[in-house]
Amino acid sequence: MADEMSEQTAETPVRSPWFDTIRAWVAAFDEIAPGAIEGLYVVGSIALRDWQPGSSDIDIIAITAEPADDEMAGTLRTARAVFSDRHPFPTVDGPFLAWGDLIVPPQSVTRPWTLNGRFRHDAECFEINPATWYTLATYGVQVRGPALSDIPIPRDPEGLVRFVEDNARDYWVRVLRELRGSIGELQPTDTLPSSVPVWCLLGACRMLYTAATGDVCSKTSAGHWAAEILGEQHRATCHEVVRLRAAPEQEIGLPLLRATASAMAEALRLITPAR
């Protein structure tokens, strides 16, 4: 496995702690479910060169020969539990797909997947979506399996933008509403963790970036980009939230939280006409 891993990741980003975690993940699955994982690719913040040790999780796409049935899902669940016991942090999340899933547009199918360390095989996996397909095909990091350039992963730029717009109007508008509600309940000296403005504002900025450009980018890149797009009144907020993403978790007071909600609202307002 060591020779395979070192060869397959020759063109990965600069080595960092995530690589050792991925090696451990592969070792656990090869031990408990030998031969099951035929392909493994890294997406998310690692693929987009924005992984933050101590706060970022590791987003993967794992590939099995055929769609996992209940028996295979049970074996994968056990392997996941063994890995988590040995390496609780950082979290490694993502779907377990079949090779055939990758060569067709993302569809609403039930596949095993993990999110925040929880293994699921009882519902559709949100990560089977146009943004994941685009990120995998364009920026994905090969760990095991054929080169991504040799896999005919369909890319649908128009479908990607539609997906992002729908996601913004549904999920991210709801997040903004919840953020405003939380702010409204705070006392003048109350605080929230810095992960709140980071998730809320930079997540919305990523949606705006994709809606405007048809491409995907990291949270950090989206924040810097949005600082120039959202207008002077939101520039300092965007830069401050980007700084918080790379800093240790800390408490954030009402002024920045209110500014975050304002900048987030502007990003979401721009998404629909951005197309």
Side-chain angles (χ1 to χ4, degrees), residues 1-13 15 18-47 57-87 90-115 117-155:
M1 182 196 71
D3 291 341
E4 178 188 45
M5 289 283 288
S6 60
E7 177 182 352
Q8 295 292 341
T9 55
E11 297 181 358
T12 63
R15 291 289 175 82
W18 70 262
F19 184 76
D20 290 334
T21 301
I22 284 294
R23 290 177 67 93
W25 189 97
V26 170
F29 277 78
D30 284 352
E31 174 188 343
I32 305 302
I37 305 300
E38 296 189 353
L40 183 65
Y41 304 92
V42 182
V43 290
S45 58
I46 291 173
D57 57 9
I58 299 176
D59 297 302
I60 63 163
I61 305 293
I63 309 297
T64 57
E66 300 294 337
D69 56 18
D70 288 342
E71 181 179 358
M72 173 60 75
T75 303
L76 296 175
R77 183 191 298 271
T78 299
R80 167 70 198 189
V82 168
F83 165 75
S84 296
D85 286 343
R86 295 172 180 173
H87 303 275
T91 301
V92 180
D93 284 331
F96 295 81
L97 307 177
W99 290 115
D101 293 328
L102 290 183
I103 61 175
V104 297
Q107 304 177 45
S108 298
V109 294
T110 300
R111 297 286 183 265
W113 50 288
T114 61
L115 179 62
R118 181 184 177 190
F119 189 96
R120 301 283 300 272
H121 190 222
D122 57 354
E124 295 174 2
C125 175
F126 174 77
E127 294 304 321
I128 303 178
N129 65 56
T132 299
W133 259 231
Y134 183 93
T135 303
L136 178 64
T138 309
Y139 302 108
V141 177
Q142 173 197 15
V143 175
R144 170 178 287 182
L148 286 163
S149 59
D150 294 333
I151 305 173
I153 303 171
R155 280 183 267 194

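All values below come from the heavy atoms of this structure, side chains included, with hydrogens, waters and symmetry mates left out. Start at 1 with the first residue, then count along the sequence. Computed from a prediction, not measured in an experiment: that's the story for all the values here.
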Q. Of the non-hydrogen atoms in Ala68 and His121, which two are nearest, and what is the gap between them?
A. O-NE2, 3.7 Å
Q: Please lay out, stage by stage, how Phe83 and Thr21 fare under the test side-chain contact (heavy atoms from CB on, under 4.5 Å).
A: CA-CA 10 Å; Phe83 165 75; Thr21 301; 3.8 Å; yes
Q) Are Trp113 and Ile128 side-chain neighbours, meaning at least one heavy-atom pair lies under 4.5 Å? A) no
Q: Mind checking the OG1-CG spacing from Thr114 to Asp93? Nearest 0.5 Å is all I need.
A: 4.0 Å
Q. Ser84: what forms a side-chain hydrogen bond (donor to acceptor under 3.5 Å, both in side chains) with it, not counting sequence neighbours?
A. Arg80
Q: Could you tell me the separation between the OG1 atom of Thr138 and the CG atom of Leu148, rounded to the nearest 0.5 Å?
A: 9.5 Å
Q | Closest contact, heavy atoms only, Val42 versus Ala47 | A | O-CB, 3.7 Å
Q) Looking at side-chain heavy atoms only, is the closest gap between Gln142 and Asp150 below 4.5 Å? A) no
Q.
The criterion is ring-ring contact (aromatic ring centres under 6.0 Å, His included); which residues satisfy it with Tyr41, sequence neighbours excluded?
A. none
N/O donor-acceptor pairs under 3.5 Å from side chains in residues 58-66, not counting sequence neighbours:
from, atom 1, to, atom 2, distance (Å)
Thr64, OG1, Glu66, O, 2.8
Thr64, OG1, Leu97, O, 3.3

Q | Under the side chain to side chain contact (heavy atoms under 4.5 Å, CB included) test, residues paired with Arg118 that sit two or more places apart | A | Arg120
Q: May I ask you to test the Pro105-Trp133 pair for a side-chain heavy-atom distance under 4.5 Å?
A: no
Q) Got Val143 and Phe19 here, is their nearest side-chain heavy-atom distance under 4.5 Å? A) no
Q. For Asp57, what residues pass the salt bridge (Lys or Arg N to Asp or Glu O under 4.0 Å) criterion, not counting sequence neighbours?
A. none
Q | Where Ala73 and Pro112 come nearest, the two heavy atoms and their spacing | A | CB-CG, 4.1 Å
Q. Taking only residues two or more places apart in sequence, or in another chain, which ones meet Arg86 in a salt bridge (Lys or Arg N to Asp or Glu O under 4.0 Å)?
A. Glu31
Would you list the atom pairs, donor with acceptor, under 3.5 Å between side chains in residues 33-40 and any protein atom, with sequence neighbours excluded?
from, atom 1, to, atom 2, distance (Å)
Glu38, OE1, Trp99, NE1, 2.8

Q) Which residues satisfy the side chain to side chain contact (heavy atoms under 4.5 Å, CB included) test with Asp69, sequence neighbours excluded? A) Glu71, Met72
Q) Say you draw a straight line from CZ of Phe29 to OG1 of Thr78; how long is it, rounded to the nearest 0.5 Å? A) 9.5 Å
Q) Excluding sequence neighbours, so at least two apart, what forms side chain to side chain contact (heavy atoms under 4.5 Å, CB included) with Asn129? A) Phe126, Glu127, Ala131, Thr132, Phe163
(Q) Filter on salt bridge (charged side-chain N to carboxylate O under 4.0 Å, His left out), then keep only pairs touching residues 129-141, sequence neighbours left out; what's left? (A) none
Q: Would you please classify the geometry between the Phe96 ring and the Trp25 ring as parallel, tilted or perpendicular, with 30° and 60° separating the classes?
A: parallel
Q.
My understanding is that only residues two or more places apart in sequence, or in another chain, count here; which of them pass side-chain hydrogen bond (donor to acceptor under 3.5 Å, both in side chains) with Thr110?
A. none
Q) Does any pair with a residue in residues 97-115 pass salt bridge (charged side-chain N to carboxylate O under 4.0 Å, His left out), and if so which ones, sequence neighbours excluded? A) Asp101-Arg111
